[in-house]
Each structure stands twice: as C-alpha cells, then as structure tokens.
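What follows is one structure encoded as structure tokens, with my remarks underneath.
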Amino acid sequence: MEPKLAIRNLSKRFGDLQALEGINLEIAEHEFVCIVGPSGCGKTTLLRIIAGLETANGGEILIDGKGVRAPGADRGFVFQADSLLPWRTVWKNAVIGLEINGLVSQETREYTRSLLKLVGLEGFDHYYPAQLSGGMRQRVNLARALALNPMVLLMDEPFSALDAQTREIMQSEMLRIWRSGHKTVLFITHQIDEAVYLADRVIVLGRRPGRVKEIVSVDIPRPRELNVKRKPRFIEYVDHIWQLIENDVRDSVIEEGAHRGGRRLAGQAISQE
Amino acid sequence: MNARGARVSSVGALVPAPLRTIYARLGPQITSALSIAGGIALWELVGRLFVKNSLFLSTPSQIANEIAMLWISGELQMHMWVSGQEFFIGLTLAIVGGIFIGLVMTSSVKAEKILAPWVTALYATPTIAIAPLIILWFGIDIWSKVVICTLNGIFPMIINTDAGLRGAERHLIEAVRSFGATRWQIFWKVSLPSAIPYILAGVRLAVGRSIVAIVVGELFGARAGLGFMLIQASEVFNMSRLFAAVVILAVVGIALTSLAQALERHLVPWRRL
Ligand SMILES: Nc1ncnc2c1ncn2[C@@H]1O[C@H](COP(=O)(O)OP(=O)(O)OP(=O)(O)O)[C@@H](O)[C@H]1O
Ligand SMILES: [Mg+2]
C-alpha cells in the first residue's frame, strides 16, 4: 500500500550546521508515529519542512504520492508554543483555518463546535486567550488544527506546557481523536513514556547530523488504558529508547552548557526547552 | 504592629460606616475632584487677597465670567468653530496619511529605504518653527493651519504604524501560514490587528500634537480661532480673556485625549485582560 506520508532522502543545512541528513521515512495511513531525540537534533525542523514552513536543501516530501512544498489544508500543525491570536476569541481562533481557506459553512462551523466540545471548551467561545489557562489554550490550538479536518496531523511537543495530570488526560483524548478521525499523526515529544503510550512506531533521531537512528515498533495492543504505563512491557520499551538516546542527550546538554550565551544557535536550542 | 492596628481602627471609627462605603466606591474620583476644587479655591484666594491687580493674575471667577460673556456674544463659538475645523481636517489627514505612509514603508524593503530617512529627519525637525513659512504659502485662512496640524500629527502616526506592523510576532505569522495563508491574509489577519494598539497610541499622540500645532499656527497668523483669541487678548493685556482661552484649550485637550483613550479601550478589548 502506498504510504500516506513519505520522506525521501531529506536534508537541511543552516549555514555550517547539518541539521538533517538523509532522512527516509514512510508513514502509513492512520498510523500514529512519535519522534524522539535529544534537544537540537532537528525534530522541529523536520516537522516544519513537512508542513511547508521551511524548505529543504535536498530530498522530497510526498503526501499520497504527490510532492508538497508549501503549507496546505491537508496537513494540520500544532505548535509547541501557544500561538493563538490574542485579539481573537476562542471561537474566532478555532475557525481561522477555515476562514483562510474559504471553507466557513454551516457544516464546518458545527464540526468546529463539536471539536471545541471534544477538547472540553464548550461555553468558552467568547473568551480571549489571555483569559484561559495554558492547558486550555493548548486545547484550542488542537481544535484549531483539527477544524480543517486534515488527514495528516503534525504536532510539535503539543503537551509540553501542560501539568502532568492534564497531560495524561490530553494523551488519551488525543488517541480518541486519532481513532475516530482516522488521522495520520506525526508527534514530537521529549517524554519517552508519552511516545511509547501514543505511538505505533517511535522514530529515534540522533544528532550531528540529525538522522534516523532507529525505528521502534510498539507492540502494545490498543485501546491502551493509562495504567499500561506501569506494565513491565511498557517499561522495557521506555528503557530501550532511553538507552538509544542517552549518550546523545548527555552530549547535547554538555555542549549547550558550554556554549550558553556564547553561540546563538545553542542558545536558541536551550530557550526552546 | 499592635499600636498601628489600633490607630488605623480608631481613625476608621471616626468616619461613619455609610460614608466609608461611599468613599470606597467613589474614593479615587472624589479625591481628584477635591484636589482640583482645592486648587481653584486657592487660586481664587491668592488672586483676591494677595495679587489683586488683574493685570498679573485673573481669578477663576473672573475667568468663568469672561467665558460666559464670550459665549453669550457668540465670539467663543466662532473661534472654536474655526479651530475645530482646522483640527479635524488636519488630524484626519494626519491619521489617514500617516497610516498610509506607514503601510507603504512596510510593504517593501525598497520603500522603507526611500522613506525612512525622510521620516526620521522630518520627525526630529520642529515643524512649528516653519509655521510662518507655511502661512506665507497657504494663506492666512484655515488651510495653513490644517497643513501645520497635519505636519505635526502625521509623524507619530507613521512611526507607530510602521513599528506596529513590524512588531507582529513571528510565531503568530507562522501559525497562520501553516494554514496556507497568502501574504494578504497574513497582513489582514495578523500584521494589521497586532498594529492596532500602536496605531491608536499614535492617534493619541497626534491629538495632543495637533492641538499645540493649531494654537501655535494661529499665533503666527490667523483671522480667527482660539490661538488667535489668545494672542489678541495678550496684546491688549486682557488677562481674563487670555486665561479663558488657556482654560478652554486645556479642557478640550483633556476631553479629546480621553476620547482617544476610550477608543483604544473599545477597539482593543483583549488588551484590558
Ligand atoms: N532558523 C534557523 N536558523 C539557524 N539554525 C537553526 C534554525 N532553526 C533551527 N536551527 C538549528 O537546527 C538544529 C535543529 O533545531 P530544531 O529546532 O529542529 O531541534 P529540535 O530537535 O526540535 O530541538 P528541541 O528538542 O530542543 O526542540 C539546532 O541546532 C538549531 O539551532
Ligand atoms: Mg523542537
């Protein structure tokens, strides 16, 4: 079967820095794939290239076999930082993707309303982002990306700003949305247990240059309850992935420490944490 | 600690409870009103008891009387009408022109390079100093004052529009871009809304500068207007009339500035949160 999303021989340079090199990936329709790797290994860059927000220096991105270079309604991006427009209410933020693509209709409005309900924000339509908690804002971000009903969802550490409890609830919500909406999801996270809990496959990236180190298939049956995280099998997966990136993470922490305040690149990587 | 607590409560006990609640509600306004009333009373006292000679100082009662006389004779309305026309035409041109030039400046690097040196140089030039020249060019009627007013009000508008449009946050632009927004859509949905608070602050500055510009313009050459009334009064040492003009200008200035502030609050509701 043709993959939903194919990444062929992708590379990206920032000046002297080889951010990504020779990335090859195939992601099947309705697959949930998580990406983990040490800070600065190029996870965000990879996702931004797939989204069309950044251009690659080589290689290509195929969706349903067709090359893509610019952003489009077929892919939805959920940003790491809260990126709601402060002058728009929750509702107006949720429908902005529809507005931009000229798709506001009775039907899409009702769909957006159901999404806001799904993420637990019914009745908050007229609130401004400044009136919401961080968790609520991130849920609006999610609803906003889903409103266009994109078949591919690109998520860059979407839950990193949430507290542990909200995060767990969002994880199981995320699985529910993914299952019912038949989405293909590419999800970056720093938390290995989050990756193992959510993913069909976990892609482990290495750094300098950013490349695929290993792809781990997670054979834990679905639906997964939250208590699966305490099962030995689950912990084995987490340990295995942690060992894969441990040295890299150590290197990146040391390097960033040494360059802190000196080089701008390293500083940026720290501030993204 | 104990003694202080006791003192506070004993002072509180001196004021009856209902009065205290009224003060809690209206306290700040009452305090300001009392301050102004006290100042006026003191002024009146000094004028009646110490200075006496109304060539040096008019008392508030004399000024009020003068304002009433000017109103009854219709002279005041005539001057206000002339200055008001100059102000509204001049300010409107400054606002529209300033926003337009600000937009042009941000539209391309070339436009920026062409316009920026002029804007910077002219902003620092005291355009009021060339008021006599402008009166020579545009005549003694309202149009010379309109030009002086526009010249003074336009720079805060240009500079704030430019700064506001450039100040749009990158991650917000990216968020909209990820939905496939065109350049125009980015402008309308992100750059312009994020510039609105700056533009409105520019309007507030322009209002103040315009009032000063008109008065000074009229001092240099006019047939009517509040500034003309002021210079006429001072030439014949009619202090009550001079003060009347100053008081009216102050009141108008306060009223127009608070109007601009109210507009800001109304148009930028998300900033109040
Ligand atoms: N616009 C840019 N200009 C120059 N260098 C960049 C740019 N964006 C990213 N980089 C560099 O590319 C490398 C990869 O960055 P990226 O943001 O993709 O890392 P990441 O894996 O997402 O890190 P983190 O886990 O900390 O979010 C980093 O070294 C970063 O400094
Ligand atoms: Mg990142």
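Computation of the quantities below employed the complete heavy-atom set of this structure, encompassing side-chain atoms and omitting hydrogens, waters and symmetry-equivalent molecules. All chains are named by letter (A, B, ...) in the order of the sequence lines, taking the proteins before the strands, and each is independently numbered beginning at 1.
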Q: For atom OH of Tyr127(A), decide whether the heavy atoms of other residues, nucleotides or ligands shown that lie under 6.0 angstrom number more than 12.
A: no
(Q) Within this structure, what is the CG-NZ distance for the pair Leu85(A) and Lys189(B), rounded to the nearest 0.5 Å? (A) 9.5 Å
Q. Would you say Glu122(A) has more than 12 foreign heavy atoms packed within less than 6.0 Å of its CD?
A. no
Q. Roughly how far apart are Ile173(B) CD1 and Leu53(A) CG, rounded to 0.5 Å?
A. 12.0 Å
Q | Segment of Thr182(B) engaging chain A (4.5 angstrom heavy-atom cut-off) | A | neither
Q.
Looking at every heavy atom in both Pro269(B) and Tyr128(A), which two are closest together, and how far apart are they?
A. CG-OH, 3.3 Å
**Q.** For chain A, the option from Ala181(B), Ala175(B), Gly180(B), Pro197(B) that forms the most heavy-atom pairs under 4.5 Å
**A.** Ala175(B)
Q) Given a strict heavy-atom distance threshold of 4.5 Å, which part of Arg144(A) is in contact with chain B: side chain, backbone, both, or neither? A) both
Q) Which atom names give the shortest non-hydrogen contact between Leu172(B) and Pro86(A), and what distance separates them? A) CD1-CD, 3.8 Å
Q.
If we ignore hydrogens and angles and just use 3.5 Å, is the side chain of Arg177(B) paired with the main-chain N or O of Pro71(A) as donor and acceptor?
A. no
Q: Begin with the C-alpha distance, continue with both residues' side-chain angles, and end with the deciding distance and a verdict on side chain to side chain contact (heavy atoms under 4.5 Å, CB included) for His171(B) and Phe79(A).
A: CA-CA 9 Å; His171(B) 71 276; Phe79(A) 293 85; over 6 Å; no
Q: Let me know if Leu154(A) has heavy atoms under 4.5 Å from chain B in its side chain, its backbone, both or neither.
A: neither
Q: Taking all non-hydrogen atoms of both residues into account, name the closest pair between Asn101(A) and Phe179(B) and its distance.
A: ND2-O, 3.1 Å
Q. Excluding sequence neighbours, so at least two apart, what forms side chain to side chain contact (heavy atoms under 4.5 Å, CB included) with Val147(B)?
A. Ile134(B), Phe138(B), Leu151(B)
**Q.** Worked check of side chain to side chain contact (heavy atoms under 4.5 Å, CB included) between Trp87(A) and Leu192(B)
**A.** CA-CA 11 Å; Trp87(A) 49 85; Leu192(B) 196 60; over 6 Å; no
Q: Would you sort out whether Glu99(A) and Gln185(B) count as a side chain to side chain contact (heavy atoms under 4.5 Å, CB included), showing the intermediate values?
A: CA-CA 10 Å; Glu99(A) 274 180 28; Gln185(B) 285 175 320; over 6 Å; no
